[in-house]
Novice: 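Got a structure for you, questions after.
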Amino acid sequence: MREAHDQKMQELHVIVEEIKEANSAQNTNNTNQPTLSSQHNRYKWWLRIALYTMFILVGQSVAVMLGRLYYVKGGKSKWLVTLIQFVGFPILLVYYCISKNPKTNDHHVEPRSSLIVAAVYVSLGLISAALGFLISVGVQYLPISTVTLISASQLAFNAFFSFLLNSQKFTPLIINCLVLLTVSSVLLMFNNDSANPSGVVSRVKYVIGFICAVAAAAVGGLVLALTQLAFRKVLKRGTFKENMDLVIYQAIVATSATLVGLFASGEWKGLTKEMEEYELGKVSYIMTIAWAAIASQFFSIGAIGLIFEVSSLFCNAISILSLPVVPVLSVIVFHDQMDGVKVISMVLAIWGIVSYVYQQYLDERKSETDISITNE
């Protein structure tokens with residue numbers, strides 16, 4: 001009896017230990033499951049960031065390079081190059097449909113006038129069309145490397161217009177950015193011989209191209225400041241839908257305005273002959289235009305994605321990375337001259353951009369700190 005009792009007790013002890021081990025394993029699985037899920041979500045987030053970054057860098061670089069290729073190989077229509085920058089907006093509609101649209105509570109936001117919202121869309125669309133035309137003229141008459149370096153001064157203009165429209169303060173870093181980007185552009189102004197060594201364009205056209213490139217940088221800075229003002233005064237929700245609506249309707253207005261310019265100028269009449277005489281052939285002519293339009297919209301998708309996944313500051317920082325990329329590609333593809341003056345101009349531009357981005361970073365950190373103190 002004693003042995004039987006001991007045997008039963010031993011069996012019971014074994015059963016209890018097995019139950020404990022099972023419970024321990026289950027608890028371990030339950031503990032690890034959220035961690036594994038969190039890591040999986042983190043990996044997916046980094047994958048999206050990498051994808052959007054690639055869209056910005058590749059989209060921006062390809063669009064600019066193909067726009068220049070169009071002119072180099074026989075294209076002449078400024079309005080067509082302007083149209084390329086906006087006409088691919090249906091791609092954004094596809095992106096809008098397949099993207100997750102997070103639900104937000106907008107009851108705390110005051111109702112807006114549809115007329116005022118429409119006026120914002122139309123105004124920004126028309127200004128964007130003017131911006132696209134100025135860029136097309138600059139790309140036609142100037143080397144890509146020169147246009148890219150001049151476009152960096154857009155940050156300086158943005159700071160200036162933000163000071164006027166959005167009460168942005170001129171900190172030492174912002175002033176440093178303004179000075180450096182101004183000097184960078186002035187250096188390029190006196191670099192005509194190097195930028196146009198073989199006399200591809202006349203001095204008059206070079207000056208026109210330079211003025212249009214600087215004007216494009218100014219208008220680009222104005223668009224950014226006006227967009228910020230619109231979100232602060234009118235478009236206050238800041239939701240995915242609201243941002244997508246702004247981008248899409250702005251592109252529709254800009255496309256419509258550009259089509260009016262294309263037909264009013266009469267440039268549309270020469271497009272058929274231009275396609276037939278294109279150095280790379282008809283198919284390459286169509287593919288150049290099509291891929292430039294697609295690349296422009298991929299840039300837009302990447303920008304929208306980074307703004308929502310991270311911040312507008314991070315998006316601007318990523319788009320700035322094309323500053324050294326495009327000039328290097330232009331030297332390889334179009335054999336642009338990259339002399340000492342352009343190198344100095346690039347270094348000054350990058351220095352000014354870093355100053356601007358760092359100031360934005362400090363402002364964002366201060367804003368987050370103020371919000372956390374208020375919540376406490």
Side-chain angles (χ1 to χ4, degrees), residues 44-71 75 80-101 124-125 128-129 131-133 135-136 138-139 144 147-148 151-152 154 216 220 223-224 227 240-255 258 283-330 332-333:
K44 290 175 63 178
W45 183 82
W46 277 111
L47 181 61
R48 291 196 300 271
I49 295 302
L51 185 63
Y52 291 139
T53 299
M54 183 183 68
F55 281 175
I56 285 183
L57 295 180
V58 175
Q60 188 173 20
S61 300
V62 170
V64 173
M65 297 294 289
L66 288 179
R68 180 59 180 171
L69 179 66
Y70 165 81
Y71 285 127
L80 180 61
V81 174
T82 305
L83 182 64
I84 289 172
Q85 301 173 48
F86 309 107
V87 74
F89 71 86
I91 296 176
L92 296 178
L93 298 176
V94 177
Y95 171 70
Y96 179 76
C97 293
I98 65 177
S99 297
K100 293 181 179 179
N101 186 3
L124 290 177
S128 297
L131 170 61
F133 183 79
I135 293 174
S136 67
V139 172
I144 288 295
V147 175
T148 305
S151 66
Q154 175 176 307
V223 169
L224 292 176
T227 301
F240 176 84
K241 180 180 183 302
E242 189 173 58
N243 280 268
M244 286 300 299
D245 286 344
L246 175 62
V247 174
I248 292 173
Y249 285 118
Q250 183 176 331
I252 292 174
V253 173
T255 300
T258 305
V283 176
S284 295
Y285 180 88
I286 296 174
M287 294 300 291
T288 299
I289 293 173
W291 281 111
I294 293 172
S296 297
Q297 299 311 310
F298 267 75
F299 169 80
S300 298
I301 292 174
I304 294 170
L306 286 186
I307 288 173
F308 278 93
E309 293 288 350
V310 189
S311 66
S312 58
L313 171 63
F314 185 76
C315 176
N316 287 332
I318 293 299
S319 63
I320 287 167
L321 290 179
S322 65
L323 177 63
V325 173
V326 174
V328 171
L329 290 177
S330 66
I332 298 173
V333 178

Novice: Decide if atom CH2 of W45 counts as having more than 12 heavy atoms of other residues, nucleotides or ligands within a radius under 6.0 Å.
Specialist: yes
Novice: Within the 4.5 Å heavy-atom criterion, are V333 and R68 side-chain neighbours or not?
Specialist: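 A side-chain contact under 4.5 Å is absent here.
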Novice: Do you know the tightest heavy-atom contact between T288 and L69?
Specialist: OG1-CD2, 4.2 Å
Novice: Show every donor-acceptor pair shorter than 3.5 Å between a side-chain atom in residues 81-88 and any protein atom, with sequence neighbours excluded, or say none if there are none.
Specialist:
residue, atom, partner, partner atom, Å
T82, OG1, K78, O, 2.8
T82, OG1, S136, OG, 3.2
Q85, NE2, V81, O, 3.4
Q85, NE2, G132, O, 3.0

Novice: For a quick test of reading the model, state the closest non-hydrogen atom pair linking M244 to L92 and the distance between them.
Specialist: CE-O, 3.6 Å
Novice: Could you list the residues that satisfy side-chain hydrogen bond (donor to acceptor under 3.5 Å, both in side chains) with S128, not counting sequence neighbours?
Specialist: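 In terms of side-chain hydrogen bond (donor to acceptor under 3.5 Å, both in side chains), with neighbours along the sequence ignored, S128 is linked to Q250.
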Novice: Who passes ring pair (Phe, Tyr, Trp, His ring centres under 6.0 Å) against F133, sequence neighbours left out?
Specialist: W79
Novice: Hey, does L246 have a side-chain heavy atom less than 4.5 Å from the side chain of T227?
Specialist: yes
Novice: List in chain and number order the residues that pass side chain to side chain contact (heavy atoms under 4.5 Å, CB included) with I91, two or more places apart in sequence or in another chain; answer none if no residue qualifies.
Specialist: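 I91: side chain to side chain contact (heavy atoms under 4.5 Å, CB included) contacts with I294, Q297, I301.
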Novice: Rounded to the nearest 0.5 Å, how far apart are CG of L66 and OG of S61?
Specialist: 10.5 Å
Novice: So, for S151 and T148, which heavy atoms are closest and what is the spacing to 0.1 Å?
Specialist: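 Smallest interatomic distance, heavy atoms only, reads OG-O, 2.5 Å.
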Novice: Side-chain contact test, heavy atoms from C-beta onward, threshold under 4.5 Å: evaluate it for L80 versus Y70 and give yes or no.
Specialist: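 L80 vs Y70: side chains touch.
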Novice: Over all heavy atoms of both residues, which pair between I135 and A216 is shortest? Give the atoms and the distance, please.
Specialist: CG1-CB, 3.8 Å
Novice: Under 3.5 Å, which donor-acceptor pairs do the side chains of residues 48-56 form with other protein atoms, sequence neighbours left out?
Specialist:
residue, atom, partner, partner atom, Å
R48, NE, E309, OE2, 2.9
R48, NH2, E309, OE1, 3.4
Y52, OH, Y95, OH, 3.4
T53, OG1, I49, O, 2.7

Novice: Looking at S330 and I144, what are the two nearest heavy atoms and their distance?
Specialist: CB-CB, 3.8 Å
Novice: Looking at every heavy atom in both A63 and A295, which two are closest together, and how far apart are they?
Specialist: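 The pair with the smallest heavy-atom distance is N-CB, 3.9 Å.
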Novice: Under the side-chain hydrogen bond (donor to acceptor under 3.5 Å, both in side chains) rule, collect the residues that match up with T258, sequence neighbours excluded.
Specialist: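 For T258 there are no side-chain hydrogen bond (donor to acceptor under 3.5 Å, both in side chains) partners, ignoring immediate neighbours.
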Novice: Can you find a pair of side-chain heavy atoms, one from V139 and one from Y71, that are under 4.5 Å apart?
Specialist: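 They are in contact (side-chain heavy atoms under 4.5 Å apart), so the answer is yes.
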